[in-house]
Amino acid sequence: MPRAAVETFLAIYSRPSISWDDLAWLRSRTRLPILLKGVLHPDDARRALDEGMDGLVVSTHGGRQVDRSISALDALPDVLGAVAGRVPVLLDSGIRSGADVFTAVALGATAVLLGRPFAWGLALAGEDGVRQVVEDVVGEFDLTLGLTGHTAVDQLSPDILRRVG
């Protein structure tokens, strides 16, 4: 039974044939902006820009299932350093509150993606629940901004953060 579960997972979520060449194919098919999700290494960030990507999403993209893999938040600074402001860099992993947004933006993320909380709000109250989740996260961000002595997003930088633990 466990082997069948793994095989089913791989059949659904794994496509080993995907390569960097697929990005050129995708780029040739659209003028829309393309953001590459799942970037965790600075070399991959630079390569994505070389392949014509318009932005990056730093994300474990399911990798949280791999013990000892780097967290997206820990990967964010090196990815930002590699792209040096040339494209937007979003963070998508573990954003659950306004304080999480604050940390990601202070580290340099252009924006964050809010995944799982949307589903919680939707399950509890449909569209109104999703609206409430967004309002709560924005409110928590604003509160965190104020409680840390800041009045604007452009005041945030890695210098205001301190790693503990």
| said: What verdict does the side chain to side chain contact (heavy atoms under 4.5 Å, CB included) test give for Ile95 and Leu113, after you've listed the backbone C-alpha separation in whole Å, the side-chain angles of each residue and the deciding distance to 0.1 Å? | reply: CA-CA 7 Å; Ile95 301 296; Leu113 301 172; over 6 Å; no
Distance in Å, [X] [atom1] paired with [Y] [atom2], rounded so as to fall on 0.5 Å steps:
X      : Y      : atom1 : atom2 : value
Leu23  : Asp50  : CG    : CG    : 11.0 Å
Leu91  : Asp100 : CG    : CG    : 9.0 Å
Ile70  : Thr60  : CD1   : OG1   : 11.0 Å
Gln132 : Trp120 : CD    : CH2   : 15.0 Å
Leu161 : Thr148 : CG    : OG1   : 9.0 Å
Asp22  : Ser17  : CG    : OG    : 6.5 Å

Joint cluster assignment, [X] & [Y], ILVMFWY side-chain distance < 4.5 Å:
X      : Y      : value
Trp20  : Trp25  : yes
Val138 : Val105 : yes
Val137 : Leu124 : no
Leu114 : Val57  : no

Do [X] and [Y] come close enough that some side-chain heavy atom pair is under 4.5 Å?
X      : Y      : value
Gln155 : Thr151 : yes
Arg116 : Arg96  : yes
Phe102 : Leu145 : yes
Leu90  : Val112 : no

Give me the atom names and distance for the closest heavy-atom approach of Val133 to Pro117.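 Distance-wise, the nearest heavy atoms are CG2-O, 3.4 Å.
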Indicate yes or no: does [X] engage [Y] in a salt bridge with an N to O separation below 4.0 Å.
X      : Y      : value
Glu135 : Arg131 : no
Asp44  : Arg47  : no
Arg163 : Asp74  : yes

Exceeds 12 heavy-atom contacts within 6.0 angstrom, atom CZ of Arg29: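 Atom CZ in Arg29 is crowded, with more than 12 foreign heavy atoms closer than 6.0 Å.
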Task: Flag if over 12 foreign heavy atoms under 6.0 Å of CD, Glu7 - done: yes
* To do: List for me each residue that meets salt bridge (charged side-chain N to carboxylate O under 4.0 Å, His left out) alongside Asp142, sequence neighbours excluded, and say none if there are none.
  =>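 Partners of Asp142 by the salt bridge (charged side-chain N to carboxylate O under 4.0 Å, His left out) criterion come out as none, since no residue qualifies.
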Q. Side chain of Thr103, backbone of Ala99: donor and acceptor closer than 3.5 Å?
A.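 Checking the backbone N and O of Ala99 against the side chain of Thr103, a donor-acceptor pair under 3.5 Å is found.
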Donor-acceptor pairs are to be reported for all side-chain atoms of residues 31-42 against protein atoms at under 3.5 Å, with residues two or more places apart or in another chain.
| residue | atom | partner | partner atom | Å |
| --- | --- | --- | --- | --- |
| Lys37 | NZ | Asp92 | OD2 | 2.9 |
| His41 | ND1 | Asp43 | N | 3.0 |

Distance-only donor-acceptor pairs under 3.5 Å for side chains of residues 76-89, two or more places apart:
| residue | atom | partner | partner atom | Å |
| --- | --- | --- | --- | --- |
| Arg86 | NE | Val83 | O | 2.8 |
| Arg86 | NH2 | Ala82 | O | 2.8 |

